[in-house]
Amino acid sequence: MDLNVELSDSVLQHLREVADLPDLTGTRYQLQEEIGRGGLGVVYAARDTQLDRRVAIKVMDAAWAGEARLIARLEHPGIVPVYESGTLPDGRVFYAMKLVAGAHADGYLAGNPPLGERLRVVQRVGEALAYAHNCGVLHRDLKPRNVMVGPFGEVYVMDWGVEGVAGTPAFRAPETSLDQRSDVYALGALLVFMLPADAPPALGAIAAKAMRRQPEERYPDVAAVLREIGRFQDGLAVEAHAESPWQRVRRLAKRNEVLLWLLAAYAGVKFLLFFARSF
Amino acid sequence: MWGDPDTAIGGNRDRFPSTQVSLIASAAGEPLAMERVVALYWKPIYKFIRFKFHKDNEAAKDLTQGFFASALERDFFQRFDPSKAGFRTYLRLAVERFAATQHEAENRQKRGGGVEFAELEDHSASTASPEEIFLQEWRRQLFVLAIEDLRAACAAAGKHTEWLVFEAYDLAEGERPSYAELARRHGVAETSVTNYLAWARGRLRGFVTGRLRGVTSGERELREEMRRLWT
């Protein structure tokens, strides 16, 4: 055998594609197509030949197997469930997961959902993050492309990162040593992304506090962010936002809208009765 | 690109003159690692210099060789700090500085002697930047070396059919033969063809990783380079 390799661009591209494909020989899965690339690895659609259903197969470097196993153990309605894990002949590890249908958060916003729906998505994301933090897992790369909203309104946080994942600049906290508050920063950036242009200033203030440059000036954890969003939804004052008197009146009025309408109706009826008696 | 052909140096079996290997190897003190660096980076650096500074074949070759010689004299490789940048980036920036200095000195000499520097034409035929060309040539050279490793492994293990199937299918320019055609050609079942290809591709990936491992500072840099390679 003699070789004089001169690789053209087209052959090089072909080799890059085929050498990266996982060899699923000996598993129950048949490879279909690549559906995404993330910080941790490549995701493919595949068919589970035993259960005759489509699944997602995530393939990653063997060096990350330990942390990836930790991520695979997370069980939460907002985290894509893992069915099975294994090792490929070339040493890479793979996870078979539920194939989630739906739209990424950026695509979801194209439908211009109401503010309440947008906040619901952020809250579901926050709940998944808070659960993962309790299990000792950070996301490290939270961004709209890693949030999927399903056809029934279900929300999944995807592509959980591992040590060494660089993150995405617009959503990445400035510090190099990441902890829970780095994910708080990313959640704040996600909140900014999800808010409409005319969002109430209190929500902008929550996002701004979550995204403070100094980690110790941010909310201490994701639960604190969720509590603030909850206070906003309940019409209560938000700690991150110093209200003007007028804003306070407007918020109280909105919070007690039904009572005010009843009082107005009562006053109106009394007024009419007063005039009826006078004439 | 410029009308004169690229150098064969850094291409395959005769990647670089043996004198250069021994010079670098003895000076670096780590023959294997140094040889790997030169094997992988000679051609990308040569191409980068040709494109960035509009040099012809011989001038680019001289500059590339000059860079490696200068790098060894100045302990350039020992000064690499992985906490500041990846090795590939470190190398490219150093090449850029070295070639720019040489280029400027050459221009000064020509201007002083009353000779106008004639820039080579047709350098804009490609829309890629010199940095993109460097990256693409790095990818290409990695695969060239890994294919050589695969060929040697096939020869050593007596896997001639596996190699021939891989060569005929994955290295084919233009239209690829069908699996059925390859099965007929080599007298094996069609499923064997797919198995041979899967095996060869898996080994190829392993050799690519091995080549990268030899020129990266650790697991983190290796992972980043792997991502850069596949995406």
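Protein chains get the first letters and strands the later ones, always in sequence-line order, with residue 1 at the start of each.
- A:His139 and A:Trp160 have tilted rings, their planes meeting at an angle from 30° to 60° on a 0 to 90° scale.
- Residue B:Phe207 does not touch chain A at all, counting heavy-atom pairs closer than 4.5 Å.
- In this structure, A:Arg54 places its CZ atom where more than 12 heavy-atom neighbours from other residues, nucleotides or ligands lie under 6.0 Å away.
- With respect to the salt-bridge test (charged N to carboxylate O, under 4.0 angstrom), the residues B:Arg184 and B:Glu181 qualify.
- Ionic pairing of B:Arg88 and B:Glu137 is not present here: no N-O contact between side-chain nitrogen and carboxylate oxygen is shorter than 4.0 angstrom.
- If you tally non-hydrogen atom pairs under 4.5 Å between each of A:Thr25, A:Asp23, A:Leu21, A:Leu15 and chain B, the highest count goes to A:Leu15.
- Listed by chain and residue number, nothing satisfies the ring pair (Phe, Tyr, Trp, His ring centres under 6.0 Å) test with A:His133 (two or more places apart in sequence, or in another chain).
- A side-chain donor-acceptor contact under 3.5 Å links A:Glu17 and A:Gln13.
- Distance alone, capped at 3.5 Å, places no donor-acceptor pair between the B:Glu173 side chain and the A:Val11 backbone.
- In this structure, no portion of B:Ala152 lies under 4.5 Å from any heavy atom of chain A.
- Residues of residues 195-206 of chain B placed with any heavy atom under 4.5 Å of a heavy atom in chain A are listed by number as B:Ala198, B:Arg201, B:Gly202, B:Leu204, B:Arg205.
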